[in-house]
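What follows is one structure encoded as structure tokens, with my remarks underneath.
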Amino acid sequence: MEFQDWSNGDEIKRQAQQISWDDFFGMGKSDKTIFLNNSRTRNPFHVLFSQQFNRRILDLICQVAEKAREIRKDRRDGRRFLRDLLFDVHALNFFAQPSSRTFLSFGTAQKYLGMDREDIRDPSISSEAKGESWFDSVRTFSAYADLLVLRHFDKDAVEKAAWVLNKSDRRIPVINGGSGPDQHPTQALLDIYTLYRAFGGKIDGKTIAMVGDLARGRTVRSLAYLMKNYEDMQLVFVAPERLKMKVDIKSFLLRHNIPFYETDDLREVIGEVDATYMTRIQDEHDKGGKKDEPAPVDPRFQFKFEYLDLMREHAVILHPLPKRDEIDLRVDDCGDPRVAYWDQERNGVYTRLALIATIFEKEQEILNF
Ligand code: ASP
């Protein structure tokens with residue numbers, strides 16, 4: 001597909017309605033962005049993957065998140081202003097996989113924006129369980145909502161949703177709240193916002209260590225894709241052999257001249273990086289998802305209490321959460337301002353608020369408040 005004329009919104013719409021699922025699915029991520037972003041504002045409409053985001057949009061999301069945070073400090077007029085922004089928008093949050101933070105954070109952001117919402121957290125009570133196709137389910141959801149937030153174990157479910165919605169009369173936006181082991185773009189956005197706040201808006205030139213289950217951790221995958229939007233970034237992958245970062249991400253980084261190197265011991269690099277992004281070993285993917293008592297984490301991939309002394313003064317520790325024993329418990333409440341993972345949770349609310357406001361073209365109203 002060669003078509004990339006962003007100025008011709010009607011033609012984009014026509015093509016989006018005609019393209020088959022196979023052709024759409026087969027397109028490269030950056031080629032299909034034209035069918036996902038708003039052709040006028042060029043900001044995301046459907047939010048499926050990190051490759052849709054450029055530096056302008058990332059900076060915008062951070063600025064809107066920051067401004068919304070400030071506005072909420074004004075408990076009367078500020079909060080009322082935000083609550084009026086999308087009072088007429090109804091969200092449907094469909095979460096077919098476990099979720100605490102992402103679910104609560106979308107719900108809270110929607111509440112701050114005055115939106116109505118419906119939640120489905122148990123796919124066994126939706127009609128997919130009766131054999132309805134996913135495409136039909138999505139069309140049905142769209143009859144009752146103005147925004148869909150989806151978390152699904154099928155990595156392509158959210159893309160299928162965007163494709164079928166583009167063809168339908170009710171083309172409502174869909175946001176990926178986690179697609180199997182593939183991507184979690186809104187987590188990556190909130191990670192960026194956390195780095196933005198930690199480094200006074202200056203993310204360029206930083207070195208980030210990603211630690212743990214890099215093969216199946218969708219959050220590190222989405223964050224790695226966003227690195228192309230910043231200057232002079234470096235990544236260090238710290239993972240056990242069987243859980244190393246996959247080749248698709250590595251070739252993406254090579255293509256975009258983002259240096260990365262790999263090691264199997266966090267201690268070796270902890271004193272050299274600006275951010276350490278810890279992750280959980282996702283053993284639910286082992287043994288067909290059956291749960292066992294989790295094996296204790298290998299100490300080489302654990303953040304030990306004494307690493308706080310080795311870390312650079314301005315460096316931060318992030319974690320998408322939930323966590324187990326990959327971070328020494330004493331780090332949690334030690335009061336060190338470099339422990340950023342609890343802040344990440346609040347940052348997620350404002351990032352998702354900023355994203356939803358931008359999708360519905362309310363971002364300037366927030367910035368102008
Ligand atoms: N909360 C993150 C996710 O949904 C990370 C995790 O589950 O470990 O991908």
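Each ligand, and each atom within it, is numbered from 1 in the order the structure gives.
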- Message: Test your reading of the structure: does Thr219 have an N or O sitting under 3.5 Å from an N or O of ligand 1?
- Response: no

- Item | Atoms in ligand 1 with a heavy atom of Pro322 nearer than 4.0 Å | 1 (N), 6 (C), 7 (O), 8 (O)

- Message: Just checking Tyr225 against Phe252, ring centres under 6.0 Å apart?
- Response: yes

- Message: Looking at every heavy atom in both Arg69 and Tyr350, which two are closest together, and how far apart are they?
- Response: CA-CE2, 3.5 Å

- Query: Are a donor atom and an acceptor atom from the side chains of Glu66 and Tyr193 found within less than 3.5 Å of each other?
  - Reply: yes

- Message: Keeping Arg338 on the side-chain end and Leu308 on the backbone end, is there a donor-acceptor pair under 3.5 Å?
- Response: yes

- Message: With a 6.0 Å cut-off on the ring centroids, do Trp163 and Phe35 count as close?
- Response: no

- Message: Donor-acceptor check, side chain of Asn37 to backbone of Arg42, threshold 3.5 angstrom: yes or no?
- Response: yes

- Element-labelled atoms of ligand 1 that are located less than 4.0 Å from some non-hydrogen atom of Arg218: 3 (C), 4 (O), 9 (O)

- Query: Which of the numbered atoms in ligand 1 are below 4.0 angstrom from a heavy atom of Arg151?
  - Reply: 4 (O)

- Message: Please work out, at 4.0 Å between heavy atoms, whether the side chain, the backbone, both, or neither of Gln282 comes within that distance of ligand 1.
- Response: side chain

- Query: N/O to N/O below 3.5 Å, does that happen between Leu321 and ligand 1?
  - Reply: yes

- Query: So which heavy atom in the protein is nearest atom 6 (C) of ligand 1, and how far is it from that ligand atom?
  - Reply: Arg280 NH2, 3.5 Å

- Message: I need the atoms of ligand 1 closer than 4.0 Å to a non-hydrogen atom of His184, numbered in the order shown.
- Response: 3 (C), 4 (O), 9 (O)

- contact_flag Asp213 ligand 1 heavy-atom lt 4.0 Å: no

- Task: Keeping the roles fixed (side chain from Gln302, backbone from Asp325), state whether a donor-acceptor pair exists under 3.5 Å.
- Result: yes

